[in-house]
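Here the structure is laid out as structure tokens; the discussion comes afterwards.
Source: prediction; values computed, not measured. Counting starts at 1 for both ligands and their atoms, following the listed order.
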Amino acid sequence: MNESPSLANLLKEERRFTPPAELAARANVTATAYEQAENDRLGFWATQARRLTWGTEPTETLDWSNPPFAKWFADGKLNVAYNCVDRHVEAGLGDRVAIHFEGEPGDTRTITYADLQREVSQAANALTELGVTAGDRVAIYLPMIPETIVAMLACARIGAPHSVVFGGFSADALATRIEDADARVVITADGGFRKGNPSALKPAVDEALTRPGTERVRHVLVVRRTGQPDVEWHEERDLWWHEVVDRQPEQHTPQDFDAEHPLFILYTSGTTGKPKGILHTTAGYLTQVAYTHHAVFDLKPESDVFWCTADVGWVTGHSYIVYGPLANGATEVLYEGTPDSPHKGRWWEIVEKYGVTLLYTAPTAIRACMKWGDEIPAKFDLTSLRILGSVGEPINPEAWVWYRHHIGGDRTPVVDTWWQTETGGIMISPLPGVTNAKPGSAQVPLPGISATVVDDEGQAVPDGGGGYLVLTDPWPAMLRTIWGDDERFRSTYWSRFEGSYFAGDGAKKDEDGDVWLLGRVDDVMLVSGHNISTTEVESALVAHPKVAEAAVVGATDPETTQAICAFVILRGAVTEAEGLTEELRTHVAKQLGPIAKPKRILPVAELPKTRSGKIMRRLLRDVAENRALGDVSTLTDTSVMDLIQAKLPGAD
Ligand code: ATP
Ligand code: MG
């Protein structure tokens with residue numbers, strides 16, 4: 001039998017950060033939550049479901065009689081939009097700010113819960129007038145503006161599952177998503193603002209709708225955002241949002257939907273291949289996003305200002321801009337633009353302006369800020385911040401420590417949250433008032449979540465061991481299927497290990513049993529009989545003062561099976577001096593041992609990333625192995641690959 005080696009555990013991180021005493025004393029969730037959930041997992045989730053306001057209370061928590069198809073709270077009914085908006089107004093909180101909107105050009109809007117109720121009701125009435133009924137799919141292709149949130153909530157209100165497509169995607173990507181979901185209406189805008197200029201969106205919709213498979217789209221509802229002239233118009237199909245929505249009644253009576261009614265379809269980022277249409281449903285999803293937002297960010301809705309910098313087009317935006325925070329009655333910031341427009345301090349200016357207390361962002365953004373220089377955030381007053389979150393990729397310990405120090409003033413806990421489009425909500429994360437934090441580790445499954453690390457045979461590895469991350473029990477916000485493809489759902493996630501959900505990520509447990517995410521299973525390298533994680537080598541490189549960012553892949557090698565090949569971005573002022581790559585190779589060998597010493601190191605200006613900011617190692621592997629590039633449909637900028645290819649020895 002061929003037994004493959006287990007994932008090596010090379011990186012040792014000794015730094016520890018205890019929760020601030022004051023935060024711990026007032027924390028929403030304390031250590032007892034783990035015990036409660038441990039003793040009665042389903043009872044725990046049934047209790048969390050009471051955060052929601054139900055039209056019909058559920059009597060049943062989980063139906064797992066037909067795995068892997070779960071039903072949560074199946075006999076309950078509720079309306080998601082009512083839970084995110086109306087109930088707060090009814091509780092007397094209509095004047096509370098729901099959204100502080102900051103447009104890229106500097107225009108702002110303050111939207112209270114009462115405003116949101118009126119706008120969502122009008123949009124729901126408009127969709128109904130356009131013939132959208134419960135179950136019809138609506139594609140949303142918008143910039144980061146309040147109408148995006150309004151449109152999503154309006155869909156939820158009338159039971160029409162939305163499929164939000166990131167505004168930066170091409171007509172092709174939009175067309176395949178419209179076709180796959182069989183959408184009947186598309187909601188878009190003339191354009192959005194990007195790096196100081198209006199950037200058109202409507203032409204991509206027009207083009208997408210010429211593609212076969214999109215014929216069933218009846219209407220395109222267009223928000224006027226940029227006021228660009230010459231918007232192409234199809235009279236029989238296109239409608240201005242302001243003409244249709246603004247004249248609608250401001251009242252709309254929400255109807256309750258079954259707990260398992262489809263809420264949305266969302267395509268994964270495409271880091272490892274062709275994106276999958278992930279289906280989420282109503283009540284379990286809302287329960288988990290509301291609970292995790294309350295627990296992981298310790299949200300105090302009356303005083304906190306929450307800001308999640310993700311795009312609404314990603315799951316992070318769905319769960320922690322729209323559904324979680326609004327279900328919890330939070331006040332939040334919505335920012336349209338990029339972090340460096342018009343200057344590299346724009347985010348920190350926004351934190352200062354709105355007194356942001358809870359910030360949730362991605363390692364890619366943190367590493368960009370490290371590269372731009374410490375002096376930029378130092379110019380702003382960031383003392384309002386009390387908790388910092390990270391999501392999307394493993395956060396290198398060095399980036400974690402930088403984030404806590406330069407953004408969090410060494411006061412704030414950092415919560416590294418592991419989850420996926422498929423999981424719907426946060427799964428593994430420290431709790432800010434409980435956990436002694438370790439830079440680089442997501443640490444422990446949240447209360448009510450069962451996760452572990454297993455070997456090839458599906459056996460849990462002992463502390464100190466490495467392998468595959470699996471989820472061993474169903475959870476409320478779990479995907480219900482891949483849209484239209486139950487078989488792919490089963491084979492992708494449920495066939496590798498009997499009875500467990502296979503996440504596709506490599507992980508290890510340290511001596512304390514804490515979980516460290518080590519990158520995609522597909523990316524793990526096999527070097528001279530050792531499985532080595534890309535993440536650990538990257539983190540060692542980023543720990544070198546001259547390196548801002550690193551991507552590591554295993555390239556086929558005649559002697560060692562695979563050889564470690566590293567692509568690095570140097571920090572601001574550092575240039576490619578002679579001896580640098582040798583210095584970096586030695587540094588890695590010293591940090592992780594000689595087995596992890598990269599064979600090749602290539603300084604590059606940019607790395608290939610998905611539109612959601614994740615490094616696409618599979619493309620770098622294609623380059624390192626001289627192959628044609630795989631699916632690049634979700635890559636931000638294909639010219640990056642040309643630049644990298646040009647730097648390879650042998651390229652002309
Ligand atoms: P695809 O599945 O199409 O390849 P994707 O996995 O990049 O795309 P997402 O669902 O957006 O799409 O990303 C989830 C993945 O992001 C996780 O499986 C994991 O690899 C990574 N990830 C997210 N948060 C963390 C984290 N805190 N630590 C480590 N990895 C993380
Ligand atoms: Mg994935």
Checklist entry - Relative to the ring of Tyr501, is the ring of Trp494 parallel (under 30°), tilted (30 to 60°) or perpendicular (over 60°)? => result perpendicular
Mind listing the N or O contacts between ligand 1 and protein, cut-off under 3.5 Å?
from: ligand 1; atom 1: 2 (O); to: Lys276; atom 2: NZ; distance (Å): 3.2
from: ligand 1; atom 1: 3 (O); to: Thr268; atom 2: OG1; distance (Å): 2.6
from: ligand 1; atom 1: 3 (O); to: Gly270; atom 2: N; distance (Å): 2.7
from: ligand 1; atom 1: 4 (O); to: Thr271; atom 2: N; distance (Å): 3.1
from: ligand 1; atom 1: 4 (O); to: Thr272; atom 2: N; distance (Å): 2.6
from: ligand 1; atom 1: 4 (O); to: Thr272; atom 2: OG1; distance (Å): 2.5
from: ligand 1; atom 1: 6 (O); to: Arg520; atom 2: NH1; distance (Å): 2.9
from: ligand 1; atom 1: 6 (O); to: Arg520; atom 2: NH2; distance (Å): 3.3
from: ligand 1; atom 1: 7 (O); to: Thr271; atom 2: OG1; distance (Å): 2.3
from: ligand 1; atom 1: 7 (O); to: Arg520; atom 2: NH2; distance (Å): 2.8
from: ligand 1; atom 1: 8 (O); to: Ser269; atom 2: N; distance (Å): 3.3
from: ligand 1; atom 1: 8 (O); to: Gly270; atom 2: N; distance (Å): 3.1
from: ligand 1; atom 1: 8 (O); to: Thr271; atom 2: N; distance (Å): 3.3
from: ligand 1; atom 1: 10 (O); to: Thr421; atom 2: N; distance (Å): 2.9
from: ligand 1; atom 1: 10 (O); to: Thr421; atom 2: OG1; distance (Å): 2.5
from: ligand 1; atom 1: 11 (O); to: Ser269; atom 2: OG; distance (Å): 2.8
from: ligand 1; atom 1: 12 (O); to: Ser269; atom 2: N; distance (Å): 3.3
from: ligand 1; atom 1: 12 (O); to: Ser269; atom 2: OG; distance (Å): 3.2
from: ligand 1; atom 1: 13 (O); to: Lys614; atom 2: NZ; distance (Å): 2.9
from: ligand 1; atom 1: 16 (O); to: Gly392; atom 2: O; distance (Å): 3.2
from: ligand 1; atom 1: 16 (O); to: Lys614; atom 2: NZ; distance (Å): 3.0
from: ligand 1; atom 1: 18 (O); to: Gln420; atom 2: NE2; distance (Å): 2.9
from: ligand 1; atom 1: 18 (O); to: Asp505; atom 2: OD1; distance (Å): 3.4
from: ligand 1; atom 1: 18 (O); to: Asp505; atom 2: OD2; distance (Å): 2.8
from: ligand 1; atom 1: 20 (O); to: Asp505; atom 2: OD1; distance (Å): 2.7
from: ligand 1; atom 1: 20 (O); to: Asp505; atom 2: OD2; distance (Å): 3.0
from: ligand 1; atom 1: 20 (O); to: Arg520; atom 2: NE; distance (Å): 2.9
from: ligand 1; atom 1: 22 (N); to: Gly392; atom 2: O; distance (Å): 3.2
from: ligand 1; atom 1: 24 (N); to: Gly392; atom 2: N; distance (Å): 3.0
from: ligand 1; atom 1: 27 (N); to: Asp416; atom 2: OD1; distance (Å): 2.7
from: ligand 1; atom 1: 27 (N); to: Thr417; atom 2: O; distance (Å): 2.8
from: ligand 1; atom 1: 28 (N); to: Glu393; atom 2: O; distance (Å): 3.3
from: ligand 1; atom 1: 30 (N); to: Pro394; atom 2: N; distance (Å): 3.4

Checklist outcome for this item: Hits for side-chain contact (heavy atoms from CB on, under 4.5 Å) against Cys369, two or more places apart or cross-chain, chain-then-number order -> Trp348, Trp372, Trp402
Next on the checklist: I'd like to check the side chain to side chain donor-acceptor pair (under 3.5 Å) partners of Gln591; sequence neighbours left out, ordered by chain and number.
Outcome noted: none
Item to check | For Glu487, all residues meeting side-chain contact (heavy atoms from CB on, under 4.5 Å), sequence neighbours excluded | outcome: Asp485, Arg490, Ser491
Next on the checklist: Main chain of Glu393, side chain of Lys614: is a donor-acceptor contact present, judged purely on distance under 3.5 Å?
Outcome noted: no
Checklist entry - Parallel, tilted or perpendicular for His318 and Phe264, by the 30°/60° rule? => result tilted
